[in-house]
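Comments concern the structure below.
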Amino acid sequence: TEVSLAAAAHEAWETVPTGEATLETEARVSIEADAQRLRQLFENLFRNAVKHGGPDVTVTVGRDGDGFYVADDGLGIPESERDIVFEFGHSTAEDGTGVGLSLVAEIAEAHGWAARVTEGTDGGARFEFDGN
């Protein structure tokens, strides 16, 4: 169904312990998606941003071409790890399970979206989803 990108992001934000972190949404557009699965995708990305970027990280959700992105101003993901972050079991956190980003990739694939990670404009991680 048509889902508001900003509304889905804000709903997901409310379910994740984010401390002093900030969510900014740049897109007032709708995309075709399963609302529950999109919220799950956002929840996993938000948890990662806060866990790796710290309690005062800023996360931005916006529209990009025919897709959308989720970016943060945290530490980012080293280029050498970007190809493996979506693999099941991959985690850089001592207490990480390596399930969160693999689930993100699974949700993207189920929607027909290509998922990739790059460096954000503020040096943090930027997850891009194309094809919607």
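This is a predicted model, so every value here is computed, not measured.
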Could you grab the distance from atom CD of Glu20 to atom OG1 of Thr58, nearest 0.5 Å is fine?
-> 11.5 Å
CZ (Phe42) and CG (Leu5) are apart, to the nearest 0.5 Å, by 4.5 Å
Flag yes if more than 12 heavy atoms outside Glu2 fall under 6.0 Å of its CD atom; otherwise flag no.
-> yes
Transitively linked via ILVMFWY side-chain contacts under 4.5 Å: Phe68 with Val16?
-> yes
Check whether any side-chain N or O of His111 sits under 3.5 Å from a backbone N or O of Asp34 as a donor-acceptor pair, and report yes or no.
-> yes
Please lay out, stage by stage, how Asp130 and Arg116 fare under the test side chain to side chain contact (heavy atoms under 4.5 Å, CB included).
-> CA-CA 9 Å; Asp130 294 330; Arg116 72 180 161 278; 2.7 Å; yes
Side-chain contact, heavy-atom cut-off 4.5 Å: Val61 with Trp13?
-> no
Within a strict 4.5 Å, meaning less than it, do heavy atoms of the His52 and Val57 side chains meet?
-> no
Are a donor atom and an acceptor atom from the side chains of Gln40 and Arg37 found within less than 3.5 Å of each other?
-> yes
Is there a side-chain contact between Leu101 and Asn48 (heavy atoms, below 4.5 Å)?
-> yes
To the nearest 0.5 Å, what is the distance between CG (Leu41) and CD1 (Ile107)?
-> 5.0 Å
Check Thr121, Thr60, Asp64, Asp72 against Arg126 for a side-chain hydrogen bond (donor to acceptor under 3.5 Å, both in side chains) and give me the one that passes.
-> Asp64
Closest non-hydrogen contact found for Ala9 with Leu23 is O-CD2, 3.8 Å
Could you give the distance from CD (Glu43) to CG (Leu45), rounded to the nearest 0.5 Å?
-> 10.5 Å
Look up atom CG in Asp66 and atom CZ in Arg63, then write down how far apart they are to the nearest 0.5 Å.
-> 7.0 Å
Is it true that Tyr69 and Ile31 fall in one hydrophobic cluster, defined by side-chain heavy atoms closer than 4.5 Å?
-> no
Closest contact, heavy atoms only, Ala8 versus Arg39 | O-CG, 4.3 Å
Using the side chain to side chain contact (heavy atoms under 4.5 Å, CB included) rule, take Phe129 and Val104 through it: C-alpha gap first, then chi angles, then the decisive distance, then the call.
-> CA-CA 10 Å; Phe129 303 91; Val104 166; 3.7 Å; yes
